[in-house]
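In what follows, chains are A, B, ... by sequence order, proteins preceding strands, each numbered from 1.
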Number of protein chains: 2
Amino acid sequence: MNAPSLRVLIIEDDPVIRRFVRSALEAEACEVFEADTAARGEIEAGTRQPALLILDLGLPDRDGQDVIRGLRTWSQVPIIVLSARTNEDEKVRALDAGADDYLVKPFGVPELLARVRAQLRRSALIGHEAQPVFCFGQIEVNMIERRITRAGEEVHLTPIEFRLLAALIRSHGRVMTHRQLLTEAWGPGYAERSHYLRIYMKQLREKLERNPAQPEFLLTETGVGYRLAG
Amino acid sequence: MNAPSLRVLIIEDDPVIRRFVRSALEAEACEVFEADTAARGEIEAGTRQPALLILDLGLPDRDGQDVIRGLRTWSQVPIIVLSARTNEDEKVRALDAGADDYLVKPFGVPELLARVRAQLRRSALIGHEAQPVFCFGQIEVNMIERRITRAGEEVHLTPIEFRLLAALIRSHGRVMTHRQLLTEAWGPGYAERSHYLRIYMKQLREKLERNPAQPEFLLTETGVGYRLAG
DNA sequence: CCGGTTCTTTACGCAATCCTTACGCCCGTT
DNA sequence: AACGGGCGTAAGGATTGCGTAAAGAACCGG
């Protein structure tokens, strides 16, 4: 089923489950990497460039949602979350943070593998381009370090400003609707508040554009949304 | 106003669940279509071109796996399966048949919506080069980036102009009646106002045709509607 | 508890878009 | 030749959406 060298990264602190998942995946001819903390996991995700990521939500060093959101700023790798918590709210938050699937422990190996296959099948249609550093004009955006420089000078962005910019970068060239941007930067409950966008786009332009009144990169598509030139 | 809302198709025989899922999705500003059998579902999937499909496995007229496989022969639309069966084998077969997610009844609305969002988010990333670019003459229309170029030069269209062009492209070659075009571009309340069409077709021709007075592509079918040559 | 940062709310002028109105042309019918 | 339906063309007013500013509310670290 799987091509021989499909890389999968497991981020999980429990060595028993890690071993368990690893052997299941290796039976599917995947190349498996492991990490036992979020910090190590992020580094591995950057260096190994896995095709799929299996993430335990209960890591010792950082909150699960946080880890997902961090990964999502620079990578589109499919993420399957494992968690002992059946709590619906937990599921929703993980999925909205950017996870693609959520599997409750204990789970059966066949189901895990089937969900892995489903995610890989889907992402094979997409075309993989994880870009930890993105540039336009004099701007350089490092998604991993969350740092932006403009002509070498560091630019400070607030969390929402950064999420907005990250969303635009992820689909640079393409128009993102108001609804999409609001959902990505604020969350699914804010889809109607398009006036927020005007304020934050203004701030982003103020910080990034040469002439904020006539933007070169952060472009308006009236009645639809915004678009990052590319 | 109305951002281009995402179309979702529910194929489910139980009217209670159908209603239930519909209202949940409509709260998320989706445009919802329904079908109560696999046969009708397949037709709807073809004509409506939904962005997401929610499929009950226990349909009266055909086996669930079969339906999925049938759809997958011609469509890559994300499919979320609903089923009363918790049986792991059932899950594996549905996922391997081509489903993207599997949700066991009874499920909570928040989880369903979160999984819907996850699937839509994922499928919105469909590759830049891989997908629908329509060409006619020197015109190139990229539906995903929402950009139009004419001989390489970018052409700006207003939201209504774009929807009108998109409707014509969707049935390129065939005639679309005034009523159909008005409904697609303005909404169901505007079916009678055919004078709008004259104005906007004029503008489209002005922007796209070599000689707007003698259109090569945006053709009039007197007394009926318009047609995109192709 | 305080000061600073970030987020949210409110308000208004301007620009893009949409809608309305008007008129002229072509063409088949009377 | 006059008429009317259907369409194309033009221009201006109405509406909506966007950019901008500023101030209050919530949040966070000390």
Practice item. Would you indicate what A:Ile199 reaches in the nucleic acid, counting non-hydrogen atoms under 4.0 angstrom: base, sugar-phosphate, or nothing? Key: base

Check your understanding: What is the distance from CG of B:Leu219 to P of D:dG6, rounded to the nearest Å?
Key -> 20 Å

Exercise for review: Using only side-chain N and O atoms of B:Thr220, determine if any of them is under 4.0 Å from OP1 or OP2 of D:dG8.
Suggested key: yes

Practice item. Send over the distance from A:Leu204 CG to C:dT6 P, rounded to a whole Å. Key: 13 Å

Practice item. Consider the side chain of B:Thr158, meaning its heavy atoms from C-beta on, and name the nucleotide among C:dT8, C:dT17, D:dC7 that approaches it most closely. Key: C:dT17

Exercise for review: Begin with the C-alpha distance, continue with both residues' side-chain angles, and end with the deciding distance and a verdict on salt bridge (Lys or Arg N to Asp or Glu O under 4.0 Å) for B:Glu154 and A:Arg227.
Suggested key: CA-CA 14 Å; B:Glu154 178 141 7; A:Arg227 174 164 74 84; 3.5 Å; yes

Practice item. Would you tell me if any nitrogen or oxygen in the side chain of B:Trp186 comes within less than 4.0 Å of OP1 or OP2 on C:dC18? Key: no

Exercise for review: Consider the side chain of A:Thr222, meaning its heavy atoms from C-beta on, and name the nucleotide among D:dG17, C:dC19, D:dG8 that approaches it most closely.
Suggested key: D:dG17

**Study point:** Atom-to-atom span, NZ of B:Lys202 to P of D:dA11 - whole angstrom
**Key:** 10 Å

Check your understanding: Which whole-number value in Å describes the distance from A:Tyr196 OH to D:dA26 P?
Key -> 12 Å

Revision key, fill the gap. On a heavy-atom basis, the closest approach of A:Val141 and A:Leu165 is CG2-CD2, 4.1 Å

Study note, to complete from the structure: Side-chain atoms of B:Pro159 come closest, of D:dT9, C:dT17, C:dT20, to C:dT17

Review point. Does a side-chain N or O from A:Arg193 land closer than 4.0 Å to OP1 or OP2 of C:dT9, or not?
Key: yes

Review point. Just by distance, with hydrogens left out, do A:Thr220 and A:Arg205 show a side-chain donor and acceptor under 3.5 Å apart?
Key: yes

Practice item. May I ask you to say whether B:Arg22 pairs ionically with B:Glu26, meaning some side-chain N is under 4.0 Å from a carboxylate O? Key: yes

Check your understanding: Between C:dC7 atom P and A:Leu157 atom CG, what is the distance in whole Å?
Key -> 10 Å

Review point. Does OP1 or OP2 of C:dC18 have a side-chain N or O of B:Tyr200 closer than 4.0 Å?
Key: yes

Exercise for review: Using a cut-off of strictly less than 4.0 Å, decide whether B:Arg198 has a side-chain nitrogen or oxygen near OP1 or OP2 of D:dT9.
Suggested key: no

Check your understanding: Separation of B:Glu161 atom CD from C:dC18 atom C1', in whole Å?
Key -> 10 Å

Review point. Are B:Glu140 and B:Arg150 within salt-bridge range, i.e. N to O under 4.0 Å?
Key: no

Point to revise | Phosphate OP1/OP2 of D:dG19 contacted by A:His195 side-chain N/O (<4.0 Å) | key: no

Study note, to complete from the structure: Here the distance between atom P of C:dA16 and atom NE2 of B:His156, to the nearest Å, is 9 Å

Check your understanding: How close or far is atom C1' of D:dA22 from atom CD of A:Glu206, stated in whole angstroms?
Key -> 14 Å

Practice item. Report yes if a side-chain nitrogen or oxygen of B:Tyr226 is closer than 4.0 Å to either non-bridging phosphate oxygen (OP1 or OP2) of D:dC7; otherwise report no. Key: no

Point to revise | Minimum-distance nucleotide to B:Ile160 side chain [options: D:dG19, C:dC7, C:dC18] | key: C:dC18

